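Predicted, not measured: the structure shown is a model, and the values here were computed from it. The analysis underlying the following values was restricted to heavy atoms, covering all of them including side chains, and did not include hydrogens, waters or symmetry mates.
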Amino acid sequence: MSRLQVLGTWATILTTLYLLLSFNVVKIPFVSNQIKDQIVPCLPFNLLVTFGSYCLWELGMGVLTFGECEEAYKELQLEIKEATEDLRAKGVEVD
Amino acid sequence: MYSVILPTYQERRNLPIIVWLLAKTFNENKLPWEIIIVDDASPDGTLQVAEQLQTVYGKDHIVLRPRTGKLGLGTAYIHGLQFCSGDPEDSFVIIMDADLSHHPKFLVEMIKKQKDQNADIVTGTRYISGGGVYGWDLKRKIISRGANLLAKVALWPGVTDVTGSFRLYKRQVVSNLISRTISRGYVFQMEIIVRAVAMGYKVAEVPITFVDRVYGESKLGGDEIVSYAQGIVALVKTDLTK
């Protein structure tokens with residue numbers, strides 16, 4: 001299955017469940033219709049907001065905790081120098 | 001045998017350094033190695049420098065397999081793979097950038113991890129603790145994380161750095177994966193790793209540092225971002241286990 005097919009399957013299942021609950025075809029045990037009617041219509045929006053928050057969190061945290069490596073740069077500069085001298089001595093043209 | 005496939009285009013300045021660093025790393029750790037240089041007819045004389053390096057290190061270590069035109073990364077790997085030596089069942093292929101953004105010293109850790117876990121693939125990641133990037137401004141970091149997030153949400157790749165291209169593969173694994181790829185550019189590297197995870201290969205990660213000395217010269221334009229998004233859409237629609 002492709003990722004699209006998996007996503008499509010889940011979307012169908014969740015939408016069907018949502019519709020069944022909305023039209024009182026199925027009932028949630030221990031939850032009255034009154035309470036259910038206040039919660040179920042909000043669920044799609046809640047899902048969207050949760051997803052949006054997740055993305056924002058991942059992006060924000062990712063950028064905030066992005067590793068820097070100044071030492072790696074400095075180390076590389078030294079190695080370039082060493083390599084250049086060594087190779088020039090052996091006859092390689094190093095610009 | 002550890003074969004490094006190095007596609008080059010206009011890398012006259014960096015090629016001697018990367019070869020020197022690779023040779024040093026492999027020799028210090030007493031590993032059998034070869035570097036397969038696939039030059040796409042660089043007009044700056046990259047091939048000449050490669051020939052000089054061949055004189056220094058020997059033809060069994062520096063293998064030259066140039067091509068007659070700029071034919072792209074994916075085909076460069078396929079081309080290079082044909083010339084790997086050593087026992088196919090016990091050989092490894094390393095793919096990395098030739099512009100010194102990837103440092104050969106991380107190969108030691110990658111090789112060790114491969115042996116410890118019998119991993120099919122070991123990939124370098126810039127995003128976990130111990131990894132990082134030098135030379136990127138805030139905008140570039142946001143784009144990088146954004147691209148990675150998009151791939152994560154759309155493809156559930158199972159690795160922390162999807163567009164990274166510093167990897168160690170078992171030779172037969174990379175052959176198998178490359179023959180199935182459909183994408184180009186950044187997405188090509190991502191496709192290989194996403195397919196690998198989907199097909200059940202064992203993938204390990206090692207933190208790496210990425211020293212970008214060319215950012216600022218190369219512009220990451222709107223075109224590339226669009227083609228990246230298109231590439232992801234194509235992969236979402238594909239059955240990656242086949």
I need the single residue from B/Tyr134, B/Phe210, B/Trp136 that forms a ring pair (Phe, Tyr, Trp, His ring centres under 6.0 Å) with A/Tyr73. Which is it? B/Tyr134

I need the residue from B/Thr209, B/Ile17, B/Val236 with the largest number of non-hydrogen atom pairs under 4.5 Å to chain A. B/Val236

Ignoring hydrogens and geometry, is there a side-chain-to-backbone donor-acceptor pair from A/Arg3 to B/Leu155 under 3.5 Å? yes

Side chain, backbone, both or neither: which part of B/Val19 has a non-hydrogen atom closer than 4.5 Å to chain A? neither

Nearest 0.5 angstrom please: A/Met1 CE to B/Thr238 OG1, how far? 14.0 Å

Please state whether the side chain, the backbone, both or neither of B/Leu21 comes within less than 4.5 Å of a heavy atom of chain A. side chain

With rounding to the nearest 0.5 Å, note down the distance linking CD in B/Gln52 to CZ in A/Arg88. 11.5 Å

Chain A heavy atoms under 4.5 Å from B/Val133: which part of the residue, side chain, backbone, both or neither? both

With chain B as the partner, which of A/Lys90, A/Glu68, A/Glu70, A/Glu71 has the greatest number of non-hydrogen pairs under 4.5 Å? A/Glu68

Sort out for me which of B/Ile142, B/Thr55, B/Leu138 touches chain A most, counting heavy-atom pairs under 4.5 Å. B/Ile142

At a 4.5 Å cut-off on heavy atoms, which part of A/Glu75 comes close to chain B: side chain, backbone, both, or neither? side chain

I need the residue from A/Gly60, A/Cys55, A/Ala83, A/Gly62 with the largest number of non-hydrogen atom pairs under 4.5 Å to chain B. A/Ala83

To the nearest 0.5 Å, how far apart are CZ in B/Arg12 and CG in A/Asp95? 4.5 Å

Assess whether side-chain contact (heavy atoms from CB on, under 4.5 Å) is satisfied between B/Arg213 and A/Ile80, documenting all intermediate values. CA-CA 13 Å; B/Arg213 304 184 303 149; A/Ile80 291 175; 3.4 Å; yes

The interface call for A/Glu58 against chain B, heavy-atom contacts under 4.5 Å, is side chain

When rounded to the nearest 0.5 angstrom, what distance separates CD in A/Glu79 from CD1 in B/Ile18? 10.0 Å

To the nearest 0.5 Å, how far apart are CZ in A/Phe66 and CZ in B/Arg140? 8.0 Å

Who wins among A/Leu59, A/Thr65, A/Leu87, A/Val6 for the most heavy-atom pairs under 4.5 Å with chain B? A/Leu87

Measure the spacing between CD of A/Glu82 and CH2 of B/Trp20 and express it to the nearest 0.5 Å. 3.5 Å

